[in-house]
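What follows is a single structure, written as structure tokens, with notes after it.
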2 protein chains.
Amino acid sequence: MEDKKSMVKKSAVAKRQKILEGAMKVFTENGFDASSMDHIAQTAGVSKITVYKYFQSKENLFQEIVSDFLLQSDEKKPITYSKTRPIRDQLMDFAMAELYRVKDPIPRGVSKLLASVYLFKPDLVKQTLAGKHFYEDFTIWLEAAKQDGALTFETAALTAQIFYGMMEGCLTWNILLTDGATLPYVEPILAEILDVFLCRYGTQKVKA
Amino acid sequence: MEDKKSMVKKSAVAKRQKILEGAMKVFTENGFDASSMDHIAQTAGVSKITVYKYFQSKENLFQEIVSDFLLQSDEKKPITYSKTRPIRDQLMDFAMAELYRVKDPIPRGVSKLLASVYLFKPDLVKQTLAGKHFYEDFTIWLEAAKQDGALTFETAALTAQIFYGMMEGCLTWNILLTDGATLPYVEPILAEILDVFLCRYGTQKVKA
DNA sequence: CATTATCTGTACTGTACAGTATAGTATAAA
DNA sequence: TTTATACTATACTGTACAGTACAGATAATG
């Protein structure tokens, strides 16, 4: 209506995509409960009845957004262990991949949305999130590094928890809760995290 | 009505308390948006109009609950540095104080509630949370430990962030998001956190 | 032009909620 | 007994929302 040019010929998948994008915007800005289907339809530039033609319900639309997003995240190539690159640089790769989730407004919004829904409506996301092994790549990488003698630890799972725990506890959650306002303070903390991790699990002395 | 015995003489503060408790229960079980004033009044065993006699609005009631809870939390005595107790034991005290927030269902519910509201309605809690310095006691303790030669670090603020980051990232958030289901797995992770921390900041060698 | 399918705005149903009005009840004090 | 206070149940107002009905518009195709 307000956009004649782009209406030359919208295929069904394009219209579906348009709805998903509008819904993503509204959901990530307001959370699940405070998002209305009217607002979503308006933001998508689509009639509310059309939204219901593509998605059965608000819950369904929400779940489609989440699984679409997770599908895209899965397309990121895994980081494989290298014997030649410095360990610290490779750790930094994992750290940057984690930070990607919160640097950009869009993935950050989805992360906020997921967290808030998970807190009081876990059933809405549990199914969609089932079978996701977030630390899997890192665990594999850890084992390779241990094999190579670059790291030392008892169990890879525990070590992975420490690394991602520091990342999430020091950075991810702060950035999510402040909606990105603490992003400028990332660097010194990130450096300290790597120091601490390598001090405990590295085989070369790094302690100042 | 259904409880004659306890109605011998309820003072105003007792009735206020009754409402606060009912509201706490409803809010912590359902989150802010999904909690209705009708449900709160019913849970408190009180007429809805009485709720509005004590609290101006739903937002106001929510904020009173939060500030009441934070007031109680402030009453916890600070942990002061001891030259004789092992450093690891003292660190464990801070860790247990942090875990208190998520072990018991009631403080855990409040923590969940605060987190979910903070994500998409920060204005509701920002004022109430302003001026809270959560790591203050620990920072003071850190400086004392450094003075005593028991710990070594550059800046206490960064070191405190690492400690609480590990605690929150590895434990607090997992426990909140699973509503306590991961509590049985705390011990080995907690031990590892202390190991890692002392490995980097301790002055006695603890690395295996 | 006629047909078909899809989309649109508008308006509706039924529900739920925040907050209020009212009329009445229980209690305590005088 | 009277009076004042605090509460209660019930019902209401106005709003917002999920989801649907409908009648008309638009576009592609024949």
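Remember, predicted model here, so these are calculated numbers, not experimental data. Each chain gets a letter, A, B and so on, in the order its sequence line appears, and its residues count up from 1.
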Exercise. Has Y54(B) got a side-chain N or O lying under 4.0 Å from the OP1 or OP2 atom of dC7(D)?
Worked result: yes

Exercise. Could you give the CZ-to-P distance, from R16(B) to dA6(D), as a whole number of Å?
Worked result: 16 Å

Exercise. Is it true that the side chains of W173(B) and E168(A) contain a donor and an acceptor less than 3.5 Å apart?
Worked result: no

Problem set entry | Rounded distance (Å) that lies between atom C1' of dG19(C) and atom CD of Q56(B) | 13 Å

For this session: Decide if atom CD of E59(B) counts as having more than 12 heavy atoms of other residues, nucleotides or ligands within a radius under 6.0 Å.
Result: yes

Exercise. Given dA6(D), is OP1 or OP2 found less than 4.0 Å from the side-chain N or O atoms of T50(B)?
Worked result: no

For this session: Could you tell me which residues satisfy side-chain contact (heavy atoms from CB on, under 4.5 Å) with I79(B), sequence neighbours excluded, listed by chain and number?
Result: D93(B), F94(B)

Exercise. Whole-Å distance between dG19(C) C1' and H39(B) NE2?
Worked result: 19 Å

Exercise. Atom CZ of F55(A) and atom C1' of dT20(D): how far apart are they, to the nearest Å?
Worked result: 18 Å

Exercise. side-chain contact (heavy atoms from CB on, under 4.5 Å) between L190(A) and M92(A): does it pass, once the steps are laid out?
Worked result: CA-CA 9 Å; L190(A) 182 50; M92(A) 185 66 90; 3.6 Å; yes

For this session: Starting at atom CD1 of I49(B), determine the distance to atom C1' of dA11(D), rounded to an integer number of angstrom.
Result: 11 Å

Seminar exercise, completed: Taken in chain and number order and not counting sequence neighbours, the residues that satisfy side chain to side chain donor-acceptor pair (under 3.5 Å) with D179(B) are R108(B), K112(B)

For this session: Test L129(B) against L70(B) for side-chain contact (heavy atoms from CB on, under 4.5 Å), laying out the working first.
Result: CA-CA 8 Å; L129(B) 255 52; L70(B) 292 177; 3.5 Å; yes

Scan nucleotides 16-18 of chain D against the protein and return all N/O pairs shorter than 3.5 Å with their distances rounded to 0.1 Å.
{"residue": "dA18(D)", "atom": "OP1", "partner": "S35(A)", "partner atom": "O", "Å": "3.3"}
{"residue": "dA18(D)", "atom": "OP1", "partner": "K58(A)", "partner atom": "NZ", "Å": "3.0"}
{"residue": "dA18(D)", "atom": "OP2", "partner": "M37(A)", "partner atom": "N", "Å": "2.7"}

For this session: Nearest whole angstrom, please: distance from the C1' of dG19(C) to the CG of N60(B).
Result: 14 Å

